[in-house]
Amino acid sequence: IAKPFQSLSLGASIENLLPADTSISHEETDPVPLNIRAGLAYRLESIAEMSAQGAAVSNLLKGSLGTFEVASRNGEIYVRTGVEVWLNKAIAVRAGYGVKNGGNSATTLSFGGSARLPVSSAALQIDYGFQLLSEDFQGITTHRFSINLIL
C-alpha cells in the first residue's frame, strides 16, 4: 500500500503465489488459484476543497471514500467500484458495482449501511449489506450482517 497524496491510497497484492493443492483425495486435485489485485481509494473530502460550496460539501464528504479495484483470478477479470459516505459520526451508507468477465460473467450491485452506537469509551458498529447478482447468476441476492466493537 502506498499513499502518494493525503487523500489517495494505492494498493496491490498477489495471493497464493506458490502452487498449493487443498484436495483431500489422492485421485483429484483442488489447486488454490493465483489472485492478483490492484486498486485505489480516494478520500472524497478533498473534492470539497475545490468546490464553490466548500464547507457544506466538505461536511457531507468528511470521512467519505471512493474505491476502484481490478482483480484477476483463474483467468477471469473483476472490476469493482464503490462509495461510502458517513452522514454523521453514527450513520454511513454504501453503494457498489462490480463486473466479472470470464467463464461465468456476472454483474453485482450492492447497497448497505452502518450504525455506530456508543458503548462507554468504545462503539458498537452494526453493518448491513445487500447484494444483487445478475447474468449467469440471475436473481441471486445475499444479505450480510456484521457487528464490530470499535475501541
Side-chain angles (χ1 to χ4, degrees), residues 1-51 57-58 60-117 123-151:
I1 296 179
K3 195 166 184 144
F5 304 107
Q6 177 76 17
S7 55
L8 179 66
S9 297
L10 303 172
S13 72
I14 299 176
E15 301 166 339
N16 309 322
L17 188 58
L18 300 175
D21 183 5
T22 59
S23 175
I24 57 173
S25 168
H26 291 294
E27 291 81 34
E28 296 180 24
T29 62
D30 190 9
V32 177
L34 174 68
N35 296 323
I36 302 171
R37 300 177 2 168
L40 63 87
Y42 188 75
R43 295 216 168 274
L44 300 176
E45 182 179 3
S46 61
I47 294 172
E49 296 168 2
M50 298 178 273
S51 168
V57 175
S58 180
L60 178 62
L61 297 179
K62 196 170 285 190
S64 299
L65 195 63
T67 63
F68 179 79
E69 177 188 35
V70 177
S72 172
R73 179 182 177 130
N74 283 340
E76 298 180 331
I77 304 295
Y78 299 79
V79 177
R80 299 178 187 105
T81 187
V83 67
E84 173 184 79
V85 177
W86 282 89
L87 302 174
N88 55 39
K89 292 185 179 199
I91 304 291
V93 292
R94 293 180 193 88
Y97 178 77
V99 178
K100 173 184 160 191
N101 293 321
N104 294 318
S105 62
T107 301
T108 61
L109 192 57
S110 305
F111 300 99
S114 293
R116 282 189 184 157
L117 309 168
L124 187 66
Q125 181 170 313
I126 301 169
D127 301 309
Y128 169 73
F130 170 81
Q131 184 177 49
L132 176 64
L133 296 160
S134 64
E135 311 257 342
D136 291 347
F137 303 104
Q138 191 67 29
I140 296 175
T141 60
T142 59
H143 300 269
R144 299 176 185 192
F145 295 91
S146 69
I147 298 175
N148 302 289
L149 182 61
I150 300 171
L151 302 174

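In what follows, every heavy atom counts, from backbone to side chain, and hydrogens, waters and symmetry copies are set aside.
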Query raised in the report: Sub-3.5 Å donor-acceptor pair from the side chain of S72 to the main-chain atoms of I36, do we have one?
Result: no
Report task. Decide yes or no for E69 and Y78: does some side-chain heavy atom of the first lie under 4.5 Å from some side-chain heavy atom of the second? Result -> no
Query raised in the report: How about Y97 and V79: do any of their side-chain heavy atoms sit closer than 4.5 Å?
Result: no
Query raised in the report: How about S9 and R43: does a side-chain donor come under 3.5 Å of a side-chain acceptor?
Result: no
**Report entry** From L18 atom CG to L34 atom CG, the distance as rounded to the nearest 0.5 Å
**Finding:** 10.0 Å
Report task. Kindly check if the number of other-residue, nucleotide or ligand heavy atoms within 6.0 Å of CG (L117) is above 12? Result -> yes
Query raised in the report: Mind checking whether S146 and Q125 have side chains closer than 4.5 Å, heavy atoms only?
Result: no
**Report entry** Y42 side chain near L44 side chain, heavy-atom distance below 4.5 Å
**Finding:** yes
Query raised in the report: Counting distance only, does the side-chain N/O of N148 pair as donor-acceptor with the main-chain N or O of I150 below 3.5 Å?
Result: no
Query - Short side-chain to backbone donor-acceptor contact, N101 and I77, under 3.5 Å - result: no
Query raised in the report: Looking at S114 and W86, what are the two nearest heavy atoms and their distance?
Result: CB-CH2, 4.0 Å
Query raised in the report: Quick one: does I126's side chain get under 4.5 Å of F145's, heavy atoms only?
Result: no
Requested in this report: Look only at the side chain of S23 and the backbone of S25, and say whether a donor-acceptor pair between them is shorter than 3.5 Å.
Outcome: yes
Requested in this report: Check whether any side-chain heavy atom of L149 lies under 4.5 Å from a side-chain heavy atom of L151, and answer yes or no.
Outcome: yes
Query raised in the report: Checking side chain to side chain contact (heavy atoms under 4.5 Å, CB included) against D127, which of R94, R116, R144 comes through?
Result: R94
Requested in this report: Kindly say whether T81 contributes a backbone atom to a donor-acceptor pair with the side chain of T67 at under 3.5 angstrom?
Outcome: no
Query raised in the report: Do the non-hydrogen side-chain atoms of F111 and V93 ever get within less than 4.5 Å of each other?
Result: no
Query raised in the report: Rounded to the nearest 0.5 Å, how far apart are CD of E15 and CZ of R37?
Result: 5.5 Å
**Report entry** Heavy atoms of other groups near K89 NZ, more than 12 under 6.0 Å
**Finding:** no
Query raised in the report: Rounded to the nearest 0.5 Å, what separation is found between the CG atom of D21 and the CG atom of D30?
Result: 6.5 Å
Query raised in the report: Of the non-hydrogen atoms in P33 and N16, which two are nearest, and what is the gap between them?
Result: O-ND2, 2.8 Å
Report summary line: CG of N74 to CG of N35, rounded to nearest 0.5 Å, is 8.0 Å
